[in-house]
Amino acid sequence: MRNIIIAGNWKMNKDLNEVEKFCSALALHASTHSEERVWLIVAPAFPFLKLSSQLLEGQPVGIAAQDVSAYPNGAYTGEVSAPMLRSLGLEYCIIGHSERRQYHCETNQSVRDKQLILRKNDIIPILCIGETLEQRDNGQTESVLLEQLDGCFEGVELSRGDELILAYEPVWAIGTGRTASPQQAQEAHAMIRAWFRQKYGETVANNIHILYGGSVKPDNIGELLSQPDLDGGLIGGASLQLDSWEAMVETAVKIMETRI
Ligand code: PGA
C-alpha cells in the first residue's frame with residue numbers, strides 16, 4: 001500500500017518573513033495531524049532550506065530543494081551541490097521540473113546525472129516529466145513520456161522503488177489553471193507505472209510513488225487522488241496559502257482512509 005504524498009513546490013515565492021510565518025503555522029498544524037499515511041513535503045527556495053528545516057524539526061514534514069547541480073563541487077558559480085544539501089540534512093530534491101527544462105536547458109541526460117548524484121548523497125529525487133500542449137495535441141504524449149523516462153533512467157539501477165519519487169506534470173497544466181482530467185492523469189500514470197514494471201519489475205512498479213502536478217487545488221485534488229495510480233500531488237500555486245494547503249491535506253487524509 002503506497003502512502004499519499006502532498007508536496008508543495010514554492011518555486012520562486014516567499015521571502016524570509018513569509019517562510020518563517022508559513023513554517024511556524026505549518027508546524028502547529030502538522031503536529032496535530034497524526035495521519036502517518038499522508039506524507040508532507042515542502043520545497044522552499046535555497047536560502048530558506050535551513051530555516052524551514054529548523055522550524056519544522058520533529059514535524060512530519062520533509063523538506064525538498066528545487067534543484068541541484070549535477071557536479072559534486074568546483075567552479076560552477078551560482079550552483080548548489082548535492083553534498084551541500086546533504087550537509088543540511090535534506091531528504092528530498094526536485095529535479096527535471098519543466099520550468100528548469102524550459103528556462104535553464106535541463107535535459108534528460110542532466111536529470112539523470114542529478115538523480116545519480118542525489119542518490120549517492122542519500123537524497124530522494126522528485127523527478128519530473130511531462131509533455132507540452134503541442135505534443136499532446138499531436139498525439140505524442142506517450143512517446144514523449146517514454147523518451148523522457150528512457151533518458152532519465154539510462155543505466156540507472158532501481159531495486160525497491162522507494163529510491164525516488166516520480167512526478168508527472170503535463171506542461172500545459174502547470175500554473176495555467178487547466179488541470180488534466182482525472183482520466184487523462186490516470187492514463188499517463190498507468191503508462192508510467194507499466195514502464196517501471198517492464199524495466200525494473202513488479203516490486204519497483206508497486207512501490208514507486210507517482211505524483212501528479214499541474215493546477216492541483218482543493219476542489220480537484222479529491223477526484224485526482226481517487227485514481228488508482230495517483231499517489232499524491234506536486235503542487236505549486238495552491239500550496240502557497242495555508243488554508244488551501246490544509247484543505248488538500250485533509251482531503252488526502254480522507255482518501256487514504258478509504259484505501260486502507
Ligand atoms: P501549479 O504548479 O500547481 O501551480 O500548476 C505545479 C508545479 O509546477 O509543480
Side-chain angles (χ1 to χ4, degrees), residues 4-14 18-19 22 26 38-46 48-49 52 61-68 90-106 108 111 114-115 118 124-133 135-136 141 144-145 148 152 164-182 184-186 188-189 192 209-225 227 230-252:
I4 289 178
I5 298 175
I6 300 295
N9 176 10
W10 293 353
K11 307 191 182 185
M12 202 172 70
N13 293 296
K14 294 193 187 296
E18 290 163 336
V19 168
F22 192 98
L26 191 57
V38 175
W39 294 344
L40 307 180
I41 301 173
V42 292
F46 282 131
F48 310 125
L49 289 171
S52 306
V61 184
I63 311 287
Q66 297 176 15
D67 187 34
V68 68
L90 229 68
E91 300 162 85
Y92 303 97
C93 180
I94 298 169
I95 50 173
H97 191 280
S98 65
E99 286 150 15
R100 298 221 55 96
R101 290 177 187 259
Q102 189 180 351
Y103 306 128
H104 302 276
C105 309
E106 189 89 292
N108 292 328
V111 176
K114 290 178 179 193
Q115 171 182 186
L118 285 171
I124 297 176
I126 303 175
L127 192 158
C128 306
I129 60 170
E131 81 286 0
T132 63
L133 184 57
Q135 289 163 337
R136 176 162 281 266
T141 300
V144 168
L145 295 181
Q148 290 177 336
C152 295
L164 88 153
I165 296 167
L166 198 100
Y168 166 60
E169 299 206 308
V171 180
W172 48 273
I174 295 178
T176 58
R178 200 178 146 184
T179 324
S181 70
Q184 283 172 321
Q186 167 57 26
H189 281 233
I192 293 165
H209 282 85
I210 307 177
L211 312 185
Y212 169 79
S215 297
V216 176
K217 35 190 185 287
D219 60 9
N220 63 22
I221 194 168
E223 252 201 304
L224 287 162
L225 292 184
Q227 304 302 313
L230 267 76
D231 308 316
L234 180 56
I235 306 160
S239 74
L240 294 172
Q241 302 301 327
L242 199 65
D243 52 353
S244 56
W245 169 265
E246 301 296 10
M248 293 185 291
V249 173
E250 265 171 44
T251 303

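The chain is numbered in sequence order, starting from 1. Both ligands and their constituent atoms are indexed starting at 1 by order of listing. Side chains included, hydrogens not; waters and symmetry mates left out as well; all remaining heavy atoms used.
- In this structure, His209 and Trp39 have tilted ring planes: the angle between them lies in the 30° to 60° band.
- For ligand 1, the protein residues placed under 4.0 Å by at least one non-hydrogen atom are Asn9, Lys11, His97, Glu169, Ala173, Ile174, Gly175, Gly214, Ser215, Leu234, Ile235, Gly236, Gly237.
- A donor-acceptor pair shorter than 3.5 Å can be found between the side chains of Glu169 and His97.
- Of the residues listed (Ile165, Leu234, Asp231), the one engaging Ile5 in a side chain to side chain contact (heavy atoms under 4.5 Å, CB included) is Ile165, and it is the only one.
- Taking the six-membered ring for Trp and thresholds of 30 and 60 degrees, Tyr168 and His189 have ring planes more than 60 degrees apart, a perpendicular arrangement.
- Of all heavy-atom pairs between Glu106 and Arg101, the closest is CB-CA, 3.4 Å.
- Residues Phe48 and Trp10 place their aromatic rings such that the two centres sit no closer than 6.0 Å.
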